[in-house]
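Take a look at the structure below.
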Amino acid sequence: MHGVMQEWEVEAPPHECTLDDYKTTAARWCPGCGDHSVLNAVQRLARDKQLPPEKTVVVSGIGCSSRLPHYMATYGFHGLHGRALPVACGVRSRRPDLHMFVVTGDGDCCAIGTAHWIHAIRYNMDLTVLLLDNNIYGLTKNQTSPTTRTGEKSNTHPRGNVLPPLNPISVTLGVTNASFVAQTIDWNPPHLYNTIRAAYEHKGLSFVRVLQRCPHFTSHVFESAVKDKSQVLLMTHPDGIPLDDTVKKIFPNRAEHNPFDLDAARAIAERTDCYPIGLFYRDEHAARYDLATQQGLGISQAEKLSAVENALSKFAV
Ligand SMILES: Cc1ncc(C[n+]2csc(CCOP(=O)(O)OP(=O)(O)O)c2C)c(N)n1
Ligand code: SF4
Ligand SMILES: [Mg+2]
């Protein structure tokens with residue numbers, strides 16, 4: 001970007017978008033894969049918010065989950081393994097006008113992409129980040145990931161994983177300047193949709209971990225929680241994720257949690273007796289690095305050249 005033309009200032013003629021305007025081909029995920037639910041929720045959100053497809057971008061790394069941009073009729077960037085976040089931060093630093101989603105997996109984000117994940121949380125640029133956590137490397141066919149539970153067998157640990165799993169919510173809550181941290185499940189569409197919607201509406205980096213079923217490799221992992229609703233702990237609060245009546249009816253196990261209380265958020269995130277869903281933490285005043293990197297976007301080429309010449313003139317002999 002040389003700051004010559006800001007072509008995004010050209011507005012497309014108004015057009016009422018339907019769901020079909022955000023769809024491409026049929027997704028190639030396995031039947032019953034939780035990735036389908038996430039795609040449906042993102043497409044619905046785009047329709048409900050009337051996001052102009054030409055002003056929307058979905059960035060991903062590599063993995064089954066990272067195929068999601070292919071199925072959105074928007075701009076997309078299917079990047080390198082673990083590098084969704086630096087790509088997204090780069091786009092965001094020059095394009096404040098875009099609606100941006102990042103889709104990553106537990107391998108993509110929590111293994112090879114960990115350093116980028118930590119720094120992106122601290123940068124707190126305006127991005128909606130969806131971590132589709134199926135506890136396994138799906139695309140490469142069944143390797144242990146950082147979120148795989150102890151004892152789970154995979155191609156890399158045929159006798160069972162020896163380590164305890166990393167908790168992506170606890171890690172995110174431990175990073176300085178985290179501003180929106182939530183968890184939801186792929187098997188309850190209203191909660192999934194409302195969580196992604198609240199994340200999109202948040203200004204700053206919103207991190208949403210979606211507990212995602214992989215019927216092909218880890219079908220047993222969330223099976224009992226899908227059947228027994230009391231294993232899910234629904235976090236409630238007027239400033240939390242909006243809950244519709246069906247969600248309240250379905251999940252009997254609830255806890256009032258103030259999303260402005262970081263210590264309480266960390267305590268709930270550590271619970272192993274249930275799957276907490278809802279908003280752990282929100283800080284609307286956390287510093288945003290994109291606001292700094294976007295400074296000077298409106299400066300003309302002539303003004304930039306003159307500023308460079310002024311700076312260089314200080315070294316003239
Ligand atoms: C640099 C690099 N290392 C390794 C790979 C191989 N690889 C591709 S996807 C993947 C893991 C994907 O797991 P996850 O991010 O959890 O996504 P899922 O398929 O489970 O949705 C790996 C190891 C790669 N493509 N590039
Ligand atoms: S392997 Fe698992 S994560 Fe990948 S498409 Fe199939 S069900 Fe989904
Ligand atoms: Mg995975």
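In this chain, numbering begins with 1 at the start of the sequence shown.
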Any side-chain heavy-atom pair of Val171 and Leu166 under 4.5 Å: yes
Val210 versus Ile185, closest heavy-atom pair with distance: CG1-C, 4.2 Å
Are any non-hydrogen side-chain atoms of Gln183 and Val208 less than 4.5 angstrom apart? no
Tell me whether Leu131 is reachable from Leu127 by hopping between hydrophobic residues (I, L, V, M, F, W, Y) whose side-chain heavy atoms are closer than 4.5 Å. yes
Checking Arg197 side chain against Ala41 main chain: does a donor-acceptor pair fall under 3.5 Å? no
Could you check whether Asp133 and Thr147, counting side-chain N and O atoms only, form a donor-acceptor pair closer than 3.5 Å? yes
Candidate pair Leu130 and Ile196, rule side-chain contact (heavy atoms from CB on, under 4.5 Å), full reasoning: CA-CA 8 Å; Leu130 308 175; Ile196 297 177; 4.0 Å; yes
For Gly79 versus Ile62, what's the shortest heavy-atom pair and its separation? O-CD1, 3.1 Å
For the pair Asn177 (side chain) and Ile121 (backbone), establish whether a donor and an acceptor sit closer than 3.5 Å, ignoring hydrogens and angles. no
Out of Val221, Leu211, Asn161, which residue meets the side-chain contact (heavy atoms from CB on, under 4.5 Å) rule with Asn135? Val221
Closest heavy-atom pair and its distance - Ala111, Pro146: CB-CG, 3.6 Å
Say whether Gln143 and His157, considering side chains only, have a donor N or O and an acceptor N or O under 3.5 Å apart. no
Is it possible for you to say whether Leu139 and Leu68 belong to one hydrophobic cluster, with membership spreading through side-chain heavy-atom contacts below 4.5 Å? no
Can you tell me how far apart NE2 (His116) and SG (Cys109) are? Round to the nearest 0.5 Å. 10.5 Å
Restricting to non-hydrogen atoms, name the atom on Pro252 and the atom on Ile250 that form the minimum distance, rounded to 0.1 Å. CD-O, 3.2 Å
Going by heavy atoms in the side chains, are Val129 and Leu85 under 4.5 Å from each other? yes
With a 4.5 Å cut-off on side-chain heavy atoms, are Ser154 and Thr148 touching? no
Glu303 and Ser300: CA distance, side-chain angles, deciding distance, side chain to side chain donor-acceptor pair (under 3.5 Å) verdict: CA-CA 5 Å; Glu303 285 170 310; Ser300 72; 3.1 Å; yes
Side chain proximity check, Cys33 to Gln212, heavy atoms < 4.5 angstrom: yes
Report whether Val57 and Leu45 are members of the same hydrophobic cluster (ILVMFWY, side-chain heavy atoms less than 4.5 Å apart, transitive linking). no
Assess the side chains of Thr246 and Asp244: does a donor N or O sit below 3.5 Å from an acceptor N or O? yes
Using the six-membered ring wherever Trp is involved, compare the ring planes of His99 and Tyr200 and label them parallel, tilted or perpendicular (cut-offs 30° and 60°). tilted
With rounding to the nearest 0.5 angstrom, report the CZ to CG distance, Arg266 to Leu173. 6.5 Å
Assess, by modelled atom type and distance only, whether the side chains of Ser170 and Glu270 contain a donor and an acceptor separated by less than 3.5 Å. yes
Least distance between heavy atoms, Lys153 atom then Gly160 atom: CG-N, 3.8 Å
Quick one: does any side-chain atom of Asp106 pair with a main-chain N or O of Ile136 as donor and acceptor, under 3.5 Å? yes
Pair Glu284, Ser179 - check side chain to side chain donor-acceptor pair (under 3.5 Å), show working. CA-CA 6 Å; Glu284 282 147 8; Ser179 78; over 6 Å; no
Would you mind checking if Asp21 and Arg47 are paired as a salt bridge, meaning a charged N to carboxylate O distance below 4.0 Å? no
Between Lys141 and Gly138, is there a donor-acceptor pair closer than 3.5 Å when you use the side chain of the first and the backbone of the second? no
Kindly indicate whether the side chain of Gln294, heavy atoms from C-beta on, has any atom under 4.5 Å from the side chain of Arg94. no
To the closest 0.5 Å, what do you measure between CG (Asp239) and CD1 (Ile241)? 11.0 Å
Going only through I, L, V, M, F, W and Y residues with side-chain contacts under 4.5 Å, is there a path from Val59 to Phe101? no
If you measure from OH on Tyr123 to CG on Leu205, what distance do you get to the nearest 0.5 Å? 12.0 Å
Please tell me whether Phe280 and Phe180 form a close aromatic pair, meaning their ring centres lie under 6.0 Å apart. no
Can we say Lys227 and Glu223 salt-bridge, meaning some charged N sits less than 4.0 Å from an Asp/Glu carboxylate O? yes
Nearest-0.5 Å distance, CZ of residue Phe77 to CZ of residue Arg83: 12.5 Å
Evaluate whether atom OH of Tyr289 has more than 12 neighbouring non-hydrogen atoms of other residues, nucleotides or ligands under 6.0 angstrom away. no
At what distance, to the nearest 0.5 angstrom, does NE2 of His257 lie from OH of Tyr281? 10.0 Å
Is Asp126 close to Arg92 at the side-chain level, that is, under 4.5 Å between some pair of heavy atoms? yes
Six-ring centre of Tyr193, Arg44 cation under 6.0 angstrom, axis tolerance 45°: yes
Which atom of Ala84 lies closest to which atom of Gly61, heavy atoms considered: CB-N, 3.5 Å
So do the side chains of Asp283 and Phe260 get within less than 4.5 Å of each other, counting heavy atoms only? no
Residues Leu39, Met72; criterion side-chain contact (heavy atoms from CB on, under 4.5 Å); working and verdict: CA-CA 8 Å; Leu39 174 65; Met72 290 289 296; 3.9 Å; yes
Yes or no on side-chain contact (heavy atoms from CB on, under 4.5 Å) for Tyr22 and Thr74, after CA distance, side-chain angles and deciding distance? CA-CA 7 Å; Tyr22 300 101; Thr74 59; 4.3 Å; yes
With under 30° as parallel and over 60° as perpendicular, where do the rings of Phe222 and Trp187 fit, or are they tilted in between? tilted
What do the steps show when you test Tyr75 against Leu98 for side-chain contact (heavy atoms from CB on, under 4.5 Å), and what is the final call? CA-CA 10 Å; Tyr75 282 96; Leu98 296 179; over 6 Å; no
Would you indicate whether Arg254, at its atom CZ, is surrounded by more than 12 heavy atoms from other residues, nucleotides or ligands within a distance under 6.0 Å? yes
